[in-house]
Amino acid sequence: MSPLNLDPKKAAPTQWRSLDELAMSPEFQAGLEREFPEGASEATELDRRQFLQVMGASFALAGLTGCDVVRRPKHEILPYNNAPEHLIPGKPQFYATTVTVGEEVMGVLVESHQGRPTKIEGNPQHPSSQGATGKLQQASILDLYSPNRSQKVLKNGASSTWDAFWGGMAPVIDGFRANGGEGLRILSGYIVSPSFAAIKQHILREFPKAKWVVYEPVNRDNARIGLLGAVGKPVDAHYRIESAKRILSVDSDFLESELNHVAHARAFAKTRNPDLGKAGMSRLYLMEARYSVTGGVADHRIRVKPSMIPAALALVARELANQGLTFQSGETQLIDSALSASNGTIAEFSPQLISELAADLAAHRGASLILVGKHQPPLVHALGHAVNRLLGNVGTTVLYKISPTFAFNQDSPASAVAIRDLAADMEKGVVDTLLMIDANPVFTAPADIQFTSHLSKVRHSVHLGGEVNESAQAALWHIPQSHYLEHWDDAISFDGTTSIAQPLISPLYTTFSKSEVLAKLFDYRYRESLDIVKGHWMSRSGALGFEIAWRRWLHDGIIETGALPDSGPGSSSGMDAFLKAHSSSDEGSREGGIELMLFEHPNVHDGRFASNSWLQELPEPITKLCWDNAAYIGPSLAQKLGIKDQIILKNDKGVPMGQYDKPMIKVTRGGHSLSLPAWILPGMADETVVIHLGYGRKKGPGIAEGAGFDAYPLLDKRVGQPLSVQVEVTGSTYTLACTQDHWSMESRPIVREGDLELYERRPNFSADEFMNPHPPLASLWEEHDYSKGMQWGMTIDLNSCNGCSVCVVACQAENNIPVVGKGQVIRGREMHWIRLDRYFTGDVDDPGLVFQAMLCQHCENAPCEAVCPVSATVHSKEGLNEMVYNRCIGTRYCSNNCPYKVRRFNFSNLTNHYSESEKMQKNPDVTVRFRGVMEKCTYCVQRIEQARIGFKNKGNEVIPDGAIVPACAQACPTDAIVFGNINDPKSRVAVLKAHPRNYGVLTELNTKPRTTYLAKVRNPNPAILKLSRSAT
Amino acid sequence: MILRDNTLPRATLVESKSFGEVNEIICAPTNPVRTPKTWHILFLGSLSLLCLLGVMLAYLVWEGTGIWGVNMPVAWGFAIVNFVWWIGIGHAGTLISAILFLFRQKWRTGINRFAEAMTIFAVMCAFIFPSFHVGRIWVAYWMFPLPNSMGMWPNFRSPLLWDVFAVSTYFTVSLLFWYVGLVPDLATLRDKATSKMKKVLYGVFALGWRGANRHWQNYERTYLILAAVSTPLVLSVHSIVSFDFAVSNLPGWHTTIFPPYFVAGAVFSGFALVSTLMIIARKVYGLEKVVTMHHLDNMNKFMLATGTIVAYAYAMEFFIAWYSGNPYERFAFINRALGPYGWAYWIMVSCNCIVPQLFWWKKIRYNLLITFIITILINIGMWFERFVIVMTLHADFLPSSWGYYRPTWVDWLTFLGTFGLFGTFFLLFLRFLPTLAIAEVKGVMPEASPHHGHHHQEALTSGGQH
Amino acid sequence: MVFPRWTNKVPFWLLVTLAVLACSIVFIFWYWGSPKHLEVGYQPQQPINFSHKLHAGQMGMDCRYCHHTVDKGKFAGVPATETCLNCHTQIKQDAPDIVKLREFHAAGKPVPWVRIHKLPDYVYFDHSAHVNKGVSCISCHGRVDQMDVVRQVEPLSMAWCMDCHQAPAANIRDKDLITKLSWTPEGDALENGRKFMDMYHVKPRTDCTTCHR
Amino acid sequence: MEHAKPLGIHQSADGSRLDASDSQIPVKLFGMLAEFASPGEIYEAAKKIRDAGYKHWDVHSPFPIHGMDRAMGIGQSKVGLIAWVGGLLGAGGGFTLQYWVSVHANPFIIAGKPFNSYPAFVPVTFEPGILLTAFGAVFGMFFLNRLPTLYHALFKSKNFHRFSNDAFFVSIEARDPKFDLQATEKLLTEIGGKNIEVVED
């Protein structure tokens, strides 16, 4: 699909010639100037036709709005002047590029329609993607077109120009040439780009006295320090999850928020296939205080108070020692200090549990794995690696390889330290110039160092970023940064895979990449981002045959650099020094009382995605909250605080719903306090409060502003470190938007779950043990014959699905699904075609968690069809439940009659106020729905039809299995969603539908759904089950 | 028949003794001099409510259904509740004029005209909701089978489409029925009229009626046929309305008991409103002589009967839900009574099942004030019955999809507005048309029998001949 | 006496007038309201007087010389200005229209052709799917090779599309002849059509999602 | 006995026509109108007129009088027949439309049901049936009664308007072969008719 770009200099630009014209054309500029940050639910007027005329022929049919059959007024067709090569109007093209979020580097393919990038897909050749993506990568394309983007240079908040900026900075830089960079500070995120690192080297060489500060509020510094202590080399741990039979995760949310989580999720899912049997299927133990999605899939989830987590691991280690593992002296010290570091009594752990756990691990030497969460203190990491080594996992399930990006960042200490040093220098007034490169320290820096107030002491503060955020407003200069799809770049992923990031569109506004800005400021030998990247790699691989290599890199999206060498187990010789540095109590928290844990938000991360409306409206996986964050507390703490929330207390009786007004609580830490709504989350550790960071942007751009509550002021230590707080109920309430009110399955056979023992005893337990008793499903008439031709169907494996929600975002991007805003979500009008249902099972204090993607089931006897008075929803001969928007008159009867309630209605006009730029993201192959029509999952019928036409044009009438992949299946990291022709017995989907775990939801209604599910099978430790049974 | 008329105590049908007096009594309201103040006040009120309705509907068409409280899963809110409520009220008229006619219930003549008018205006109110609740009203005409350049036709399997046909047929036939009944009385007004204007207007609509017996013959046959077809029609309409729910597959909706139970409920609420209005009109216009306590007593007995049927239906629903052993059904009904909308359920039960039982006591049946209050309670209860049924949507099969419905101010004002529509038309009817069927009332007076005063033998024979 | 004798005639004549009125209204909608009338015959003035009759007809250029993506993609493709200049840098440089054309090209401005065949935005028509199954240009666009100024000759209404999707034989021909607008089958057209239908596996679909997505 | 009309009319031999030579303005008669006090009286009167062999005559009353049809000796009404035809057309048309649409015009697969899902077609067969029956009955009645007839000779009479209140009339038309000013007037007087008047056309 992705054509070779011959001359790279031309290749990229010519693709979007018409957009060059567009970007420069006055009316378009005007259109963009007009945009100002505002809520997703508000409207900005636009004139579609004018826009179309600017956009050219290809968009005229792009399906931007609803029906106008009558011809007048006249439409124009604007052809190219010089036609770009490879371009067939109406056929999307795919280009490989790279997305970088913090430390996470992911190779992706970007779908482009006549020069408009519209959708991000995973790059199958890139190890950290393998064809899938994370939700942040999926949603990142919206930032390109966001009306909240920063579009012009600001000086003291007033509109200014680039020339003014260059002119203003030139003397400053000259000054630094004189003093060797005295007082020059450059603050950036973690550096993964070799070419950018080269610029950094250049600057530090030219200005030896300058300092470079690497600051990531959410970082892996603890893991690095711990590894340095345990291994003695600057290595990264590479986990071979696919070959681990027993996994103990110590507060490690490795399926959602840890580095490389997409690849981990895929690998882990492979080990969860119950057909592997007792010997083959993995077992996951997890100790955590919060409730993470990884906790949801765990076989044994052990609730531990934050400050007790180190102790928990230490106890396991000690138990292992008792069972015959011999720790070295340093490591025993680790255990002791871990135990001492945690205040709580270790009595609250059941010793039998610990011993059974340890026994299970010990029984799987070389095939077990200890994972420690990035927020745990270094000594826990060190301990984790020690245990891994003793269990013989190093070399089998854990590999240590020298970190390829270590060199880029080594001259800056750990973020937490670095930012404090910087603040100190600023306070001393020794910082003359501070360049904040694509970072937002004013918002994310710990409150106690008063970064903002010190910033005023800096003479020249410059902020480079994609949006006018807190730092931009506090700085002297703000200069707009181009989106990663607008400039050339490169990145090296932690496993050494290096990839080129090529632009798909020339900058919509006059913006520059961070490389370009620094190159120009500090007079680097290249200026254009293309030259910077190309130049860097030419200097590496030499000019000989470079062009051919370069073209291949662009095509594949990766530069195959040989896999990093395994640096072996290393030695714990540095352990003593490490212990001195880190076992001291400042790391552990002897704080006790009610403990607060601050984490990055799974959707908006540390706040950098807060203005992305897709991610704002995407329900948080566990609580299903959107547009806000909240203080999560367990039921026990709620009762202690006297909070009566019927949702949880009356859970299984009655249906208390529509109660979105949540009680506010005041969380106080030292001088700072924060009032925010309390959300009762079953399964939280007792006496624990969890708050997600990244919300409550004060002067945040656009929709970010006013959404949620800013917890950074409470942060006076590392992110994720337990902080003791006082909590009181304020008495006032706050309205939260939640997309799933009800928590319990009401003991209905919806998500069907069993353990491995049951499965092996009765492979099709899901069908016979759960089905509601019902009379035989006889039909009154001769049923329609679906045995011929291609018949589409889907299976969703509940064992693989971990609820990460990337499918929801992918679907939104592919199908032009509008965002409705908080108010409408509260009214129950969210538009997501995929509702990722989340149910808690069992005891409210320590429940299990299951997810189920609920989307149109394409029932063969679809109840929705019979009741539509105008035949707007009917069945295709290939078994699709078709929804014809332009026939729909909006009686909403179909939704009433849908037992799965998967239909969505355009109650208001959600699509006629897109900004000019937002329209450019829309997929031209899918109608943008208008007010008053119903919509729902179509199995991505546009992809089916394109594939069909493609194959038929080539003369073959059958579409091979796997040629059609719906957006959700494509994005899914765990491959849980499989789509295909159920009439072809060899197709994957047909095989899965024949699988004993396969079952349909509500089949007793004789709806005959085409979407079916594979029952969930956990692999709990029988010994531990026995314990809990005897306990009760 | 005639025999029975003679034996019935006079007070039960018409207290007046002369045709002339009946004329006077019934035509009086159309005389401007006799129009009471209250009429003017009420009319002004209704008119302003009617304007309110117009504004609300305009706002709706402009902004979309988003201004209502409807959501997912409760995609039908007030609109359908009000629709079923109004259409239900509309059933009394036809029932009285058709079914009671077939059963030769002569007391119906005291109220049928009144009730028929009510039917027509109620159906008008009802019609507004299904037509305006759609998302794109400008293409709502796709529900009618019209040839078009898309080659698309409606889906005749959809209960909503059945509604379209049922309700429009019902409206048309009721209108004809009402008008045919009016023709002789319009002639009466024509001949009483003094002003040229009235002579012309009444004259035109009276079609030149001259009471000829050769006309009366066809006329009576027509009336009989209309009654004969309206009877199944009136039963079919609310059955079909109930299909909107019964034909679906939702717990609490998908029940075979709905058609009879909806019809009973419709008659129940219809009679209640007829009594409510009749009690007022009777007082204001002094119609006591033609609308006797006997009429009201009969109405109350009807309410008692239908109310008891409805109560039985509620009980039976619950029983079947339990008996079916279907967990979704069971939950749906327990949730109705104890769930978040339990309050509505209990209002419904107390108004529809408990209150009407008071009518077992003759004293209460004959007490105007209490009757008046009870009839109003019944209509509140019947509105809530529909509310409870529609709200069953809020929790069906998958708990993940459960939601909660809150009406918005627009919902409320639109509902209020329909009372304006009803009131305006109804007051105009009171003011300009004979509120009672003059000819029919005369026809059931003992004096109307050609054998009045003769001895029974001949009465019997001629009675038999008829 | 309120009503004179003649009033007895009124009802009859009223009835007659109403009947006539009703019929004429129906007819008005039926005829003037249909795409057959609204769409067919649309013939806007183009910015440059390009004559298909001259190029495609008399000079016999193949349609695909300019509309070169017709068998590859959704859109037939409006030729880039440079395509015209391939020849017109030699031929007729100084004809006023060519001068105009060069000006557009020099200014880097696209030629604002006026769209004639316009389907609603929610209809996804794919040229390649039809052309590759032997549906000729003529079936939808008529004898463009005889038009000086192109005009719409078919209603392009849904019913019209469905007619062909239900019975395509009449519009299927040898793939090599799809751009031969003057070609007419010798012998039975339907027979000929069926032959190629079998050859090309022409099974037109009538599911909604064939066109609406 | 007082007369509504000038004596001139009496001099003419045949009430229906006056020879052109006559100096008087030519007048055409509609017939004769007589009033009766009660349903009982007019019932008896009707029998007698029937027996006297009159064909073109009628009884006018504020409400239908039981047994009057028999008393007047008029046959069955034809309204029923027309209604019946209407009903058949309605129901037949309704079902045919649905069948044609669902099987031929739009053969869509809907909820897995057969194209001809006749159970679902019952309501829309029933309703048009009812509708056209009602139309047949009402408009058939209008047709049979020749309504609307806004102008009618009887409305010239100064008494007649009371038929819609409490008076009962018999009208005998001049076109009846047995009509004769004196004879008819005599008959009406005998059977107790009051305010007998001759009505011009």
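Bear in mind that the values here come from a model prediction, so they are computed numbers and not experimental data. In the text below, chain A, chain B and the rest are named by the order of the sequence lines, each starting its count at 1.
- Heavy atoms only, all atoms of each residue included: Gly112(D) and Trp781(A) are closest at O-NE1, 3.0 Å.
- Among all heavy-atom pairs drawn from Ile110(D) and Ser871(A), the shortest one is CD1-OG, 4.0 Å.
- For the pair Ala866(A) and Ala111(D), the tightest heavy-atom approach, listed with the atom from each and the gap, is CB-CB, 3.7 Å.
- Distance OH/Tyr786(A) to CD1/Ile109(D): 4.5 Å, rounded to 0.5 Å.
- Residue contact with chain D, scored on non-hydrogen atoms closer than 4.5 Å, is absent for Ser779(A).
- Separation of atoms CD (Glu865(A)) and NZ (Lys113(D)) is listed at 10.0 Å; rounding is to 0.5 Å.
- Atoms CD and CZ, from Glu882(A) and Phe108(D) in turn, are 9.0 Å apart once rounded to the nearest 0.5 Å.
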